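Here the structure is a predicted model, which means the values were calculated and not measured.
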Amino acid sequence: METEITVYGPLRSATGNKTVVLEWAGGTVADALAALVDAYPRAASHLYDGDAVRASVRVSLEGDRAGLDESVPEGAALAVVPAVQGGSRH
């Protein structure tokens, strides 16, 4: 299955482009993130904390926010905003 994924922030340095086309087996948003990391291993630290997707990672499917368990249809477009670190608590 082919899915277009637009990435933001530091993920661009991991993928080399703002938009990439991912060839993967299909499945859920979580499966798409795993396939993205398989294709672009440097993306892992921006998306995962250990084996879990970071709570601050945001994914949209066809422009609407998507949960990790949502199914990704053939040809759908995803956008991924990675965890943002830094800032001050004061």
Exercise. Determine yes or no for a side-chain-to-main-chain donor-acceptor pair under 3.5 angstrom, with Arg54 supplying the side chain and Tyr48 the backbone.
Key: yes

Please tabulate, one pair per line, all N/O donor-acceptor pairs under 3.5 Å involving side-chain atoms of residues 61-72, not counting sequence neighbours.
unit_1 : atom_1 : unit_2 : atom_2 : d
Glu62  : OE2    : Ala77  : N      : 2.6
Glu70  : OE2    : Gly67  : N      : 3.0

Practice problem: Report the C-alpha separation of Val29 and Val53 in whole Å, then their side-chain angles, then the decisive distance to 0.1 Å, and conclude whether the side chain to side chain contact (heavy atoms under 4.5 Å, CB included) test is met. | Solution: CA-CA 11 Å; Val29 169; Val53 175; over 6 Å; no

Quiz item: Which value, rounded to the nearest 0.5 Å, describes the distance between Glu4 atom CD and Leu78 atom CG?
Solution: 9.5 Å

Quiz item: Which atoms form the tightest heavy-atom contact between Pro10 and Ser13, and what is the distance?
Solution: O-OG, 2.8 Å

Quiz prompt | Any side-chain heavy-atom pair of Val20 and Leu36 under 4.5 Å | solution = yes

Quiz prompt | Reported CD-to-CD distance for the pair Glu23 and Glu2, which is rounded to 0.5 angstrom | solution = 4.5 Å

Exercise. Working to the nearest 0.5 Å, report the span between OG1 of Thr28 and CG of Asp31.
Key: 3.5 Å

Quiz item: Atom OH of Tyr40 and atom CG of Asn17: how far apart are they, to the nearest 0.5 Å?
Solution: 7.0 Å

Practice problem: Pick out which of Val81, Leu11, Leu47 makes a side chain to side chain contact (heavy atoms under 4.5 Å, CB included) with Val57. | Solution: Leu47

Exercise. Mind listing the closest non-hydrogen atom pair of Ala14 and Ala43 along with its distance?
Key: CB-N, 3.6 Å

Quiz item: Is the closest side-chain heavy-atom distance between Leu33 and Val59 below 4.5 Å?
Solution: yes

Quiz item: What are the two closest non-hydrogen atoms of Arg42 and His46, and how far apart are they?
Solution: O-CD2, 3.5 Å

Self-check item: Stepwise side chain to side chain contact (heavy atoms under 4.5 Å, CB included) check, Lys18 with Thr6
Solution: CA-CA 6 Å; Lys18 180 178 180 181; Thr6 302; 3.8 Å; yes

Quiz item: Val80 and Tyr8: side chain to side chain contact (heavy atoms under 4.5 Å, CB included), yes or no, with the steps?
Solution: CA-CA 6 Å; Val80 181; Tyr8 294 91; over 6 Å; no

Practice problem: Please check if the side chain of Asp38 supplies one atom and the backbone of Ala35 the other of a donor-acceptor pair under 3.5 Å. | Solution: no

